[in-house]
Structure formats: C-alpha cells, structure tokens
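Here is the structure we will look at.
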Amino acid sequence: MALSKNRIKYIHSLELKKNRDVADVFLAEGPKLVGELLGHFPCQLLAATPEWKSPHTHIHTEEFIEVTAEELSRASLLRTPQQVLAVFRKRKDADHKAEITRSLCLALDGVQDPGNLGTIIRLADWFGIRHIFCSSDTADAYSPKAVQATMGSLARVHIHVTDLTALIQELPTGTPVYGTFLDGENLYKKTLTNNGLLIMGNEGRGIRDEVRTLVNQRLFIPAYPQERGASESLNVGVATAIVCAEFRRQASSH
C-alpha cells in the first residue's frame, strides 16, 4: 500500500498547531524518536521503509504503510528523512497539580523557542521531573521542532497547558514556588526542597509580573567569580539545567 497524496497532505498539515489541535495528534520522525514514543502514545499512522518495518512488524498501530525512501522524503518535514515517521495521538490531560506538593515540577512561563522547550523536556527527563506546566503562550510541545528536540523524552514527561497564575493560587499554602531572579538568594547557599514548582520565564522578559508576585522562593544563579562582570542572563535551557542539577544534588546528599 503506497502513501497516498491525501496521506502526505495530512502529514504536512500537522506542521500547523491548529491542525494538530483539531486532530489531537502530533508527528514524530526517525528510528530513535519513534521507537521511544511507541508504547507511550497510541499510534495512528506509521510510514516506514522495508529496512525499518521488517523487524517491527509486531507494532500496534491503526495504520502501517510500507514506503520507499522517495515516498518518505515527500511526506517528511525533515531535510534528511530517517526510515520512519509516525503520527501519534496525544495523551488525555488530567489534573496533576497535586504532584507539585509531592515532587519537584517545572512551570514554563512564555518560553517561545521550540528548541529551548525540547531541551527543557529532555532535562526534566534526565533529572526525573515528570510534570511540566506550560502557560498558554509557551511554544507547543507537540510541534515537530519541539518533538524532535525532546529526543524521545516526551514519552516520560507529561505536559500540561494551563493558567499558571490560577494554578499557583490553587496550591496549598506553604507550597514552595521557585523562580530565578537577579535579586534572589544564591542558589548554592539556599536549602532546596524535594517538592514544589520551579518556574522558568520567557527568553527576553523572564517571568511575567502576575506570576512573579506569587513566587515565594527567589533564586539567583551566581556568575563565577561573582565580582567579575558577566553576560546579563543565561539561556533558559542552560539556567534550567543548572537549577535542576542543584535540586538533585541536594536531594542526593541528604
């Protein structure tokens, strides 16, 4: 069964968020990424070359199409197609805010770059953070660029799009809500908790004012040495890595 023009048109349409939202699906490409996501998300469509398909005939999917490299190239959004592409159904979202009181969770306030978002999802996976709460103006975690950048970590990290202000206001009194600021406490001198919400802000403006006022634990990432002048800010992905690493270092040393 060949990959029809309608199927190719459908795959290409998933580059746009409005089409992904209507169909409630997303696109993933390449053996590693597709392999990571299979079993974690229901698979609507798999299109693969014989090379990939032959050892994977047991895969559960609604539709499995064997394609030539040329057909895959016509369907793919990548410059260099890689043996397989898949359309997955998104997970049904549920209310997971109780997780914030039990474990460390991330919140992203207006992070715009899909590459940064994908990197942060990978970091969350690495540091055992299972839930990320995203403001509605954060980049779409299910865009092809973000999905590719996660390198499969989307399988283990749950993404929730929500009103961050309302989310924080609904948390039990005393729940730690962390953010990074130039006037915050030195990250390495602060005693960090094993639970709470760590908010990372937009690449340019940081955390917006209405969310900033709800932060009760202000952190600062010091440059080294502190008296030396340094760039005004860090990339949001780099900053997330530094802060998450310190949370986990302290947790493992207790």
- prompt: Would Asn202 and Asp109 count as having a side-chain donor-acceptor pair, cut-off 3.5 Å?
  reply: no
- request: Show the numbers, then the answer: is there a side-chain contact (heavy atoms from CB on, under 4.5 Å) between Leu45 and Val25?
  value: CA-CA 10 Å; Leu45 169 68; Val25 298; over 6 Å; no
query: Closest approach of Ile120 and Gly237, non-hydrogen atoms and distance?
result: CG1-CA, 4.1 Å
- prompt: Going by heavy atoms in the side chains, are Pro114 and Gln148 under 4.5 Å from each other?
  reply: no
- prompt: Nearest heavy-atom pair of Gly152 and Leu33: which atoms, and what distance?
  reply: N-CD1, 3.3 Å
field: Arg248 side chain near Leu104 side chain, heavy-atom distance below 4.5 Å
entry: yes
field: Tyr178 side-chain N/O to Asn216 backbone N/O, donor-acceptor pair under 3.5 Å
entry: no
task: Compare every heavy atom of Arg205 with every heavy atom of Asp137, then report the nearest pair and how far apart it is.
output: OD2-NH2, 3.5 Å
task: Kindly say whether Glu99 contributes a backbone atom to a donor-acceptor pair with the side chain of Ser103 at under 3.5 angstrom?
output: yes
task: Look up atom CZ in Phe220 and atom CG in Asp183, then write down how far apart they are to the nearest 0.5 Å.
output: 9.5 Å
message: According to a hydrophobic-cluster definition based on side-chain heavy atoms being under 4.5 Å apart (Ile, Leu, Val, Met, Phe, Trp, Tyr only), do Leu164 and Met200 belong together?
response: no
query: Under 4.0 Å between a Lys/Arg side-chain N and an Asp/Glu carboxylate O for Arg208 and Asp163?
result: no
- prompt: What are the two closest non-hydrogen atoms of Arg20 and Leu14, and how far apart are they?
  reply: NH1-O, 2.9 Å
- prompt: Quick one: ring pair (Phe, Tyr, Trp, His ring centres under 6.0 Å) partners of Tyr10, sequence neighbours excluded?
  reply: none
query: Taking side chain as C-beta onward, heavy atoms only, is Val111 less than 4.5 Å from Glu203?
result: yes
- prompt: For Asp125, what residues pass the side-chain contact (heavy atoms from CB on, under 4.5 Å) criterion, not counting sequence neighbours?
  reply: Arg130, Ser153, Arg156, Val157
- request: Report the distance from atom CG of Asn116 to atom OG1 of Thr138, rounding to the nearest 0.5 Å.
  value: 11.0 Å
query: Do Asp21 and Lys90 sit within salt-bridge range, that is, some charged N less than 4.0 Å from a carboxylate O?
result: yes
task: Applying side-chain hydrogen bond (donor to acceptor under 3.5 Å, both in side chains), run through Glu51 and Gln83 and close with a yes or a no.
output: CA-CA 7 Å; Glu51 179 186 5; Gln83 298 181 355; 2.9 Å; yes
message: Tell me whether Arg91 is salt-bridged to Asp24, with the criterion being a basic N under 4.0 Å from an acidic carboxylate O.
response: no
Step-by-step side-chain contact (heavy atoms from CB on, under 4.5 Å) determination, Ile121 to Ile159: CA-CA 9 Å; Ile121 293 170; Ile159 307 298; 3.9 Å; yes
query: Do the side chains of Phe181 and Ile242 join up, straight or via other hydrophobic residues, at under 4.5 Å, putting them in one cluster?
result: no
message: Please list all pairs meeting salt bridge (charged side-chain N to carboxylate O under 4.0 Å, His left out) that have one or both residues in residues 75-88, counting only residues at least two apart or in different chains.
response: none
- request: Supply the atom-to-atom distance Leu219 CG to Thr180 OG1, rounded to the nearest 0.5 angstrom.
  value: 7.0 Å
query: Strictly by modelled atom types, are Gln250 and Thr191 linked by a side-chain donor-acceptor pair under 3.5 Å?
result: no
task: With side-chain contact (heavy atoms from CB on, under 4.5 Å) as the test, would you mind laying out the steps for Leu38 and Cys43 before giving the verdict?
output: CA-CA 7 Å; Leu38 282 166; Cys43 188; 4.2 Å; yes
- request: May I ask you to test the Arg212-Arg218 pair for a side-chain heavy-atom distance under 4.5 Å?
  value: yes
field: Between Asn6 and Ser4, a side-chain donor and acceptor under 3.5 Å
entry: no
Validation row: Leu77, Pro144 side chains within 4.5 angstrom (heavy atoms): yes
- prompt: Do Val84 and Thr49 touch side chain to side chain, with heavy atoms closer than 4.5 Å?
  reply: no
query: With no hydrogens and no angle check, is any side-chain donor or acceptor of Asp140 less than 3.5 Å from a backbone partner on Lys17?
result: no
field: Residue list, side-chain contact (heavy atoms from CB on, under 4.5 Å) with Ala155, at least two apart or on another chain
entry: Leu37, His40
- request: Determine whether Val211 and Leu198 fall in the same hydrophobic cluster, where Ile, Leu, Val, Met, Phe, Trp and Tyr are linked whenever their side-chain heavy atoms lie under 4.5 Å apart.
  value: no
- prompt: Does a donor on one side chain and an acceptor on the other come within less than 3.5 Å for Lys190 and Gln217?
  reply: yes
message: Can you confirm whether Cys244 sits close enough to Ile129 that some side-chain heavy atom of one is under 4.5 Å from a side-chain heavy atom of the other?
response: yes
- prompt: Using 4.0 Å as the upper bound for N to carboxylate O, is an ion pair formed by Arg7 and Glu63?
  reply: yes
- prompt: Does a side chain donor of either His160 or His131 reach within less than 3.5 Å of an acceptor in the other side chain?
  reply: yes
statement: Nearest heavy-atom approach of Val215 to Gly179 is CG1-N, 3.6 Å
Co-membership, hydrophobic cluster, residues Leu106 and Ile207, 4.5 Å side-chain: no
message: If hydrophobic clusters are built by linking Ile, Leu, Val, Met, Phe, Trp and Tyr wherever their side-chain heavy atoms come under 4.5 Å apart, do Ile11 and Leu16 end up in the same one?
response: no
- prompt: Is any side-chain N of the basic residue among Glu62 and Arg89 closer than 4.0 Å to the acidic one's carboxylate O?
  reply: yes
task: Give the C-alpha distance, both sets of side-chain angles, the deciding distance and a yes or no for side-chain contact (heavy atoms from CB on, under 4.5 Å) between Leu197 and Phe133.
output: CA-CA 9 Å; Leu197 191 65; Phe133 298 86; 4.1 Å; yes
- prompt: Strictly by modelled atom types, are Ser73 and Ser76 linked by a side-chain donor-acceptor pair under 3.5 Å?
  reply: no
Throw together a table of side-chain donor-acceptor distances under 3.5 angstrom for residues 167-174, partners on residues two or more places apart or in other chains.
none

- line: In terms of heavy-atom contacts, Leu192 and Glu246 come closest through CD1-CG, 3.8 Å
message: Any heavy-atom pair between the side chains of Ile221 and Leu234 that's under 4.5 Å?
response: yes
- request: For the pair Lys189 and Glu185, find out whether any cationic side-chain nitrogen is under 4.0 Å from an anionic carboxylate oxygen.
  value: no
query: What pairs meet the ring-ring contact (aromatic ring centres under 6.0 Å, His included) rule with one or both residues in residues 20-39, with sequence neighbours excluded?
result: Phe26-Phe41, Phe26-Phe88, Phe26-Tyr142
message: Main chain of Pro42, side chain of Gln44: is a donor-acceptor contact present, judged purely on distance under 3.5 Å?
response: no
